[in-house]
Each structure stands twice: as C-alpha cells, then as structure tokens.
Trainee: 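Okay, handing you the structure first.
The analysis underlying the following values was restricted to heavy atoms, covering all of them including side chains, and did not include hydrogens, waters or symmetry mates. Residues: numbered from 1 along the sequence shown. Whatever order the structure lists ligands and atoms in, that order sets their numbers, starting from 1.
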Amino acid sequence: MESLLSSFRLVGAPLSCEPYGHGHINRTFLVVTDAPRRYILQQINTRVFSDPAGLMENISAVTAYLSARTRDPRGCLRLVPTAEGGSWLRAPDGGCWRVYDFVEDSVCLQQPETEEDFYQSAVAFGGFQHMLADFPAGTLHETIPNFHNTPDRYRLFRAALASDRCGRAASVEKEIAFVLMREEQAGALQRMRESGELPLRVTHNDTKLNNVLLDAATHRPLCVIDLDTVMPGLAAYDFGDSIRFGAATAAEDERDLSRVSMSLTRFAAFTRGFLGACPGLTPRERETLPLGAYTMTLECGMRFLTDYLDGDRYFAVAREGHNLDRARTQLALVADMERKREAMAAAVRACEAGE
Ligand code: ADP
Ligand code: GN1
Ligand code: MG
C-alpha cells in the first residue's frame, strides 16, 4: 500500500490505510497522513468495470464540470492526481487505483435517521441531475452497457437460471416465479426509453442513500459520490433507485421480512426534494417516477437473485445467503409497491399541485 500511495500526490506521509465504508463493488480504504490529511483510496472493480480508462475519463470530466459550478469545496468529489499528473494508476499487478480527498465533516447514512435526511438526499440527487442537464452526454463512456435495461437483466437472469452453476435454483423456486411473473411490467420503462417518449439525461444510476454525503452538523446535502455509473439514462432510474433503498423501512439485507415495507411518507418527502431540485422534468417523466421505483426495485432484486444463482461473484457478500437475503427484501418491497401503486401516483400529483 505504501508504494501505491507514494504514486499519488498526497499531502503528508501515510500513517494508516484501513478498509472503509459499505459499498458492494469497489475496495475502499481510508488513508490518514501525518499532515494530517485524510483520503479515500479505491481499487476499481475491473470485473464489473472492464474499461477503467473510460470510467476515469467520465469521472474526471464530471467532477471538473461540477466543481466549476459548485462554490463549496466539499460540494463535489476531488481526485488526487498521480505523480505523473494522471487521474488513476495501474499497479504492477494490474490493479486499478484512484484517490479522492476525504470529504470532511460529512456523514454517509445506511438508512435515513429522519424523514428530513431522506428529503435532503433527494435534494442532492435531484440537484446532481439538474446540474448535469447541459453536460455533453455524448462524451460519456457507457461504463456498464445496458445497466438499467431491465429486459436485458431478465436475459442474464434466465442464463444464470439455466446454468444453475451452484445447484441453488431448486431452493429458491418461489423467488424465481415471483420475478418471472413480472417480466411484462418490468420492461415498460425500457420500452418508453426506446420509443423516445422519455428523454435521455445524464443520470447517476446508483442513487442509494450511502452514495451521498450530508454535512455532519446540519445534515444538509454536500456531495454526491460513487460516480462510476454516471451515464445517459432516465430520470426515473435515479428517483427509483433512491426510493428502493431509502424509502424501505428495513435494511437492504434484513432477514425479517415482516419489517420490510415501502414508506409512503418517505416516498412523498423524497418526491418533494427531487422535483424541487430538478424542476425541468417533463410531465411524462414525472408520471413515470412510481414506475421507476417499482422497476429499479424489481431489477435490483433480480440482480441479487442472479448473483446468488451464479455463486456470489458480483456483489460483495459478508455471509452465506447474503445475496438471497437482499433479493428477498427487494421482492418484498416490490409486492408492497404493488399495493401502494395508486398512492405513489397520488403523492407525485400532490407534489406537482404544490400540496
Ligand atoms: P462502492 O462503489 O463500492 O459503493 P463508493 O464510492 O460508494 O464505493 O465508496 C464506498 C464508501 O466510502 C461510501 O459509501 C462512503 O461511505 C465512503 N466514501 C467514498 N468516497 C468518499 C469521500 N470522498 N469522502 C468520504 N467518504 C467517502
Ligand atoms: C451496487 O456500488 P454500490 O454498492 O453503491 C451496485 C448498484 C446496486 C447496489 C445495491 C455498479 O452499488 O447497481 O443497486 O449495489 N452498483 C453496481 O445495493 O453494480
Ligand atoms: Mg457506493
């Protein structure tokens, strides 16, 4: 680690480097130097992101664009350059690494502590999308092709099911049937994208609450992080993925499903924050926000189930059956959203009417 860190222009000499955070994809470390300064060191997961150069080009361009439009120095991620002036490093063993300034005096929540926290995260993600409205989307690399193409996720799910490489399918028949029964509705958003009735925007695509930092003292939005999946997408993806995670009344990997539901009051609070910070959405886009929540949740549940069938090779797991537990919470949320479909639509309409 020391020789790796010596290739980045850090202020001070590194004192410690410890695993950090709760991300499922990259390997993240907190680095402390004697200056004293703190940094985030990350190894990019190149099994997930096969083009690290393209990915880092995206992040360099997006952070440069945002920092030119943000007064607060903690308002956007800041890459620390390498000794050669690059934005990332390929280590001799092939590992790809980058370093960010640590955003000080911030909190990263795994669940909202209050409804207000969730509202503030909506302001952050809505504002992020709004600020990138004029970013030249055509210059972005597609870091994971078909990331939120739900019909394509069904294709991958069926492939995992057909090969059943760990012999786990027989024990999850109920979950498999739940997913397969919903294929038609799950494809609706993608069909609207393809027909052109919804505009393509620059979206974050992974808007869970732990991908935003709030100010530690005020819990006001500070900084949107985890920019690996910033790509052209639909507004409903960002809205929906936030609801999936933050409007859930239990953790993403909760085992007691009786605790899992989608909170309508949180849904309404998020809608207020998101629409307020991102006022340019078309009426049709606003109408599809509940469908976005439904689709992102079903898609994520299916992705966890796919990975469970595949032998847990994509998402980091901390225990036996972790991906199955995660899949089950998402499917429980989907069932709850089906019960609350009309109430979600009414909450969006109420918000539009300024109620
Ligand atoms: P992953 O793709 O694995 O989710 P993230 O980029 O989201 O990785 O980082 C993992 C965690 O590290 C975040 O949830 C957050 O707690 C923390 N983190 C990342 N970047 C910073 C930063 N610049 N300042 C403070 N904390 C950060
Ligand atoms: C992953 O990287 P992280 O932990 O913020 C995943 C998201 C999933 C999420 C589920 C690149 O997000 O798509 O919704 O886990 N990111 C990638 O918690 O696949
Ligand atoms: Mg993350």
Trainee: So does D228 pair up with R98, basic N to acidic O under 4.0 Å?
Mentor: yes
Trainee: Numbering the atoms of ligand 1 from 1, which are under 4.0 Å from a heavy atom of L213?
Mentor: 24 (N), 25 (C)
Trainee: Looking at atom 22 (C) of ligand 1, what's its closest protein heavy atom, distance included?
Mentor: I40 CG1, 3.5 Å
Trainee: Hey, do the aromatic rings of F270 and F239 have their centres closer than 6.0 Å?
Mentor: yes
Trainee: For ligand 1, which atoms sit closer than 4.0 Å to a heavy atom of F102?
Mentor: 24 (N), 25 (C), 26 (N)
Trainee: Tell me: protein heavy atom nearest atom 19 (O) of ligand 2, and distance?
Mentor: Y314 OH, 2.5 Å
Trainee: Is the contact between N26 and ligand 1 made by the side chain, the backbone, both, or neither, using heavy atoms and a 4.0 Å cut-off?
Mentor: both
Trainee: Quick check: closest heavy atoms across D105 and L222, and the distance to 0.1 Å?
Mentor: O-CD1, 4.3 Å
Trainee: Closer than 2.8 Å to the Mg ion (ligand 3), do we get an N, O or S atom from N211, backbone or side chain?
Mentor: yes
Trainee: Between the side chains of R284 and E287, is the shortest nitrogen-to-carboxylate-oxygen separation below 4.0 Å, so that they form an ion pair?
Mentor: yes
Trainee: Under a 3.5 Å distance rule, please check whether N26 uses its side chain to pair with a backbone N or O of T28 as donor and acceptor.
Mentor: no
Trainee: Can you pull out the closest protein heavy atom to atom 11 (C) of ligand 1? Residue, atom name and distance to 0.1 Å, please.
Mentor: G21 CA, 4.0 Å
Trainee: Select one of side chain, backbone, both or neither to describe which atoms of T28 lie under 4.0 Å from any atom of ligand 1, heavy atoms only.
Mentor: side chain
Trainee: Can you check whether N205 has an N/O within less than 3.5 Å of an N/O in ligand 2?
Mentor: no
Trainee: Atom 4 (O) of ligand 1: which protein heavy atom is closest, and how many Å away?
Mentor: D226 OD2, 3.0 Å
Trainee: For residues D312 and H322, is any side-chain donor paired with an opposing acceptor at under 3.5 Å?
Mentor: no
Trainee: Which atoms of ligand 1 sit under 4.0 Å from any heavy atom of N211?
Mentor: 7 (O)
Trainee: Is it the case that the side chain of R153 and the backbone of R303 share a donor-acceptor pair, with hydrogens and angles ignored and the cut-off at 3.5 Å?
Mentor: no
Trainee: Check whether any N, O or S atom of D226 sits under 2.8 Å from the Mg ion (ligand 3).
Mentor: yes
Trainee: Could you tell me if E252 and H22 have a donor-acceptor pair between their side chains, going purely by distance under 3.5 Å?
Mentor: no
Trainee: Evaluate T229 for polar contact with ligand 2, using N/O atom pairs at a separation under 3.5 Å.
Mentor: no
Trainee: Looking only at protein heavy atoms, identify the closest one to atom 24 (N) of ligand 1 and say how far it is in Å.
Mentor: V103 N, 2.9 Å
Trainee: Report yes or no: do T150 and Q190 form a side-chain donor-acceptor pair below 3.5 Å?
Mentor: no
Trainee: With heavy atoms under 4.0 Å as the rule, classify the contact between D228 and ligand 2 as side chain, backbone, both or neither.
Mentor: neither
Trainee: Can you list the ligand 2 atoms lying under 4.0 Å from a non-hydrogen atom of G23?
Mentor: 4 (O)
Trainee: Could you tell me the residue and atom name of the protein heavy atom closest to atom 15 (O) of ligand 2, and the distance to it rounded to 0.1 Å?
Mentor: H24 CD2, 3.4 Å
Trainee: Between R244, K208, M296, which one has a non-hydrogen atom sitting closest to atom 14 (O) of ligand 2?
Mentor: R244
Trainee: Taking the side chain from R193 and the backbone from L189, do they hold a donor-acceptor pair closer than 3.5 Å?
Mentor: no
Trainee: Looking only at protein heavy atoms, identify the closest one to atom 12 (O) of ligand 2 and say how far it is in Å.
Mentor: D206 OD2, 3.0 Å
Trainee: Using a 4.0 Å cutoff against the non-hydrogen atoms of C108, which atoms of ligand 1 qualify?
Mentor: 14 (O), 15 (C), 16 (O)
Trainee: For residues F157 and I176, determine if any side-chain heavy atom of one lies less than 4.5 Å from a side-chain heavy atom of the other.
Mentor: yes
Trainee: For L77, counting its heavy atoms only, list the atoms of ligand 1 lying under 4.0 Å from any of them.
Mentor: 23 (N)
Trainee: Any idea which atoms of ligand 1 are less than 4.0 Å away from a heavy-atom of Q42?
Mentor: 5 (P), 6 (O), 8 (O), 9 (O)
Trainee: Counting from 1, what ligand 2 atoms have a heavy atom of F49 closer than 4.0 Å?
Mentor: 11 (C)
Trainee: Counting heavy atoms only, which of D101, I225, I25 comes nearest to atom 23 (N) of ligand 1?
Mentor: D101
Trainee: Report, in ascending order of atom number, the atoms of ligand 2 lying under 4.0 Å from any heavy atom of D226.
Mentor: 2 (O), 3 (P), 5 (O)
Trainee: State whether a side-chain donor-acceptor pair under 3.5 Å links E197 with S195.
Mentor: yes
Trainee: Answer with side chain, backbone, both or neither: which part of D206 has a heavy atom less than 4.0 angstrom from an atom of ligand 1?
Mentor: neither
Trainee: Identify, by atom number and element, the atoms of ligand 1 in contact range of N210, meaning under 4.0 Å from any of its heavy atoms.
Mentor: 13 (C), 14 (O)
Trainee: With heavy atoms under 4.0 Å as the rule, classify the contact between H22 and ligand 2 as side chain, backbone, both or neither.
Mentor: neither
Trainee: Of all the non-hydrogen atoms in the protein, which one sits nearest to atom 17 (C) of ligand 1, and at what distance?
Mentor: Y20 CE2, 3.7 Å
Trainee: Which one holds for F315 and ligand 2: side chain close, backbone close, both close, or neither close, with close meaning a heavy atom under 4.0 Å?
Mentor: side chain
Trainee: Do S261 and T249 meet the criterion of a side-chain donor-acceptor pair at a distance under 3.5 Å?
Mentor: yes
Trainee: Answer side chain, backbone, both or neither: which part of E252 comes under 4.0 Å from ligand 2, heavy atoms only.
Mentor: side chain
Trainee: Mark up the atoms of ligand 2 that fall under 4.0 Å of a heavy atom belonging to N211, in ascending order.
Mentor: 5 (O)
Trainee: Is there a donor-acceptor contact under 3.5 Å from the side chain of R78 to the main chain of P73?
Mentor: yes
Trainee: Looking only at atom types and distance, does a side-chain atom of H204 sit under 3.5 Å from a main-chain N or O of D206, one as donor and one as acceptor?
Mentor: yes
Trainee: Considering all heavy atoms of both residues, which atom of V11 and which atom of T33 are nearest to each other, and what is their separation?
Mentor: O-OG1, 2.7 Å
Trainee: Which residue and atom name correspond to the protein heavy atom nearest atom 1 (C) of ligand 2, and how close is it?
Mentor: I25 CG1, 3.8 Å
Trainee: Run the contact test for R303 against ligand 2 with a 4.0 Å cut-off on heavy atoms, strictly below, and give the result.
Mentor: yes
Trainee: Just by distance, no angles: are the side chains of N149 and N146 close enough, under 3.5 Å, to form a donor-acceptor pair?
Mentor: yes
